[in-house]
Amino acid sequence: MPRAAGSRLTIRPPRDYLLRRDLCSYGYFLLEPNHWDPATRQFRRVLDTGRRSVSVSIEQPSGVRGGTLVVRAAGALSEPERAAVRRDVARMLNLHEPAETIAEFHRLDPRWRRAGRGRLFRSPTLFEDVIKTVTSCNVAWPSTINMNRRLCEVVGRGGAFPTAERLADCRPQLLRARCGVGYRDARIVGLARMFADGRIVPEAIEDPALPDDRLREILIEWPGIGPYAAANIMQLLGRYAHLPLDTESVRHGRTVLGFRGGSRAVMRRIERHFAPFAHHKFRSYWFELWDFYERRRGKSWTWEKRTTGSTFTASQLK
DNA sequence: GGTAGACCTGGACGC
DNA sequence: GCGTCCAGGTCTACC
């Protein structure tokens with residue numbers, strides 16, 4: 001990325017924020033258009049600012065907790081574009097979450113205090129998080145990787161993740177034929193149209209005043225969103241009191257926690273096991289799962305996208 | 001409320 | 001190289 005002619009922004013993150021650890025904290029960091037370079041510890045992706053796509057990189061040159069984040073964009077940015085980049089980066093990195101919240105989590109579950117784990121990566125928009133969740137349902141991880149890559153290549157502007165408006169204009173058959181989304185085609189277009197025509201208002205969904213139970217009811221009504229997807233979208237919204245339990249969870253319950261019985265019984269035991277972590281429940285569950293991956297594949301910020309990053313799920317590690 | 005089967009893709013496996 | 005089997009969460013029909 002040419003630096004001389006580009007724009008440079010600096011962001012002061014919360015005092016505990018460590019880019020390599022907190023960005024490489026959830027599988028979506030491995031999905032297009034996201035790209036983490038383990039060698040340079042630099043994150044790159046294309047953002048759609050509304051009028052055009054912009055390639056950005058994020059670094060933390062000091063490499064220490066709380067160190068200033070440097071965001072570079074290829075080319076000059078207008079003021080509205082700079083604001084859009086700042087907003088998108090802040091959402092991806094969950095920078096609004098104060099250090100005190102993470103400290104509270106560590107008091108509840110001290111296992112992660114030393115490493116400092118507590119923050120989770122997500123997408124710059126709710127829409128991208130929802131579509132990424134749909135592409136992760138009923139499919140093995142390599143297929144999720146392919147679907148997201150092709151969505152960016154075929155529908156996204158300049159390599160960005162497609163906006164709701166662009167996906168809403170697609171025929172389901174195009175997504176099936178060229179993006180490999182299979183039967184998810186109509187559900188993805190349906191969701192995109194709901195976002196694009198205002199039936200789904202992200203600000204309303206992201207309103208902290210909306211009770212968890214009501215939010216879950218709303219999400220379950222959306223096409224392609226069932227109990228697992230709803231709970232996953234909720235954690236991406238920073239609501240960590242619900243566990244998105246899937247076959248990966250059942251494997252974890254059996255192999256790591258030693259639970260016995262059928263899938264439903266194991267899931268019920270997992271729920272009970274993590275209940276004491278209350279509104280931080282998902283963090284405890286997720287970092288336990290993440291620790292399992294890292295013990296076998298090394299620290300997540302060392303994972304190469306095309307090798308380790310495509311085979312890190314528990315089904316590949318049995 | 002619970003359950004069975006279809007949905008689609010891609011990897012694993014056997015030949 | 002080809003065919004078959006299987007994993008994976010949601011949706012619908014049915015009991």
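Since the structure is predicted, the reported quantities are computational estimates derived from the model, not experimental observations. Each chain gets a letter, A, B and so on, in the order its sequence line appears, and its residues count up from 1.
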_Expressed as a whole number of angstroms, how long is the span from A:Trp141:CH2 to C:dC6:C1'?_
21 Å
*A:Ile131 CD1 to C:dG9 P: how many Å, rounded?*
18 Å
*With respect to the phosphate group of C:dG9, does any side-chain polar atom (N or O) of A:Thr247 fall under 4.0 Å of OP1 or OP2?*
yes
*Counting heavy atoms from C-beta on, name the nucleotide in B:dG10, B:dC7, C:dC11 closest to the side chain of A:Ser143.*
B:dG10
*Take atom CD of A:Glu221 and atom C1' of C:dC11, then tell me their distance rounded to the nearest Å.*
13 Å
*Closest to side chain of A:Pro142, choosing from C:dT10, B:dG11, C:dG9*: B:dG11
_Please report the distance, rounded to the nearest Å, between CG in A:Leu219 and C1' in C:dT10._
15 Å
*Classify the side-chain pair A:Asp48/A:Ser53 by whether it contains a donor and acceptor separated by less than 3.5 Å.*
no
*Nearest to the side chain of A:Arg176, which nucleotide is it out of B:dT3, B:dC8, C:dT10?*
B:dC8
_Residue mapping more 5' on DNA chain B - nearest nucleotide basis, A:Asn146 or A:Asn138_ = A:Asn138
*Nucleotide B:dT9, atom P - distance to CZ of A:Arg178 in whole Å*: 15 Å
*Within the pair A:Arg150 and B:dG10, is there a side-chain N or O less than 4.0 Å away from OP1 or OP2?*
yes
*Rounded off to whole Å, could you give me the CD1-to-P distance for the A:Ile220 and C:dT10 pair?*
7 Å
_What is the distance, to the nearest angstrom, from the NZ atom on A:Lys132 to the C1' atom on C:dG9?_
19 Å
*Between A:Arg82 and A:Glu79, is the closest basic N to carboxylate O distance under 4.0 Å?*
yes
*Can you find a side-chain donor-acceptor pair between A:Asn94 and A:Arg119 that sits under 3.5 Å?*
no
*asked:* Under a 3.5 Å cutoff, is there a donor and acceptor pairing between the side chains of A:Tyr26 and A:Ser300?
replied: no
*Side-chain N,O (A:Arg184) to OP1/OP2 (C:dT10) below 4.0 Å*: no
*Within this structure, what is the CZ-to-P distance between A:Arg264 and B:dA4, rounded to whole angstrom?*
10 Å
*Same hydrophobic cluster for A:Leu151 and A:Ile233, using side-chain heavy-atom links shorter than 4.5 Å among ILVMFWY?*
yes
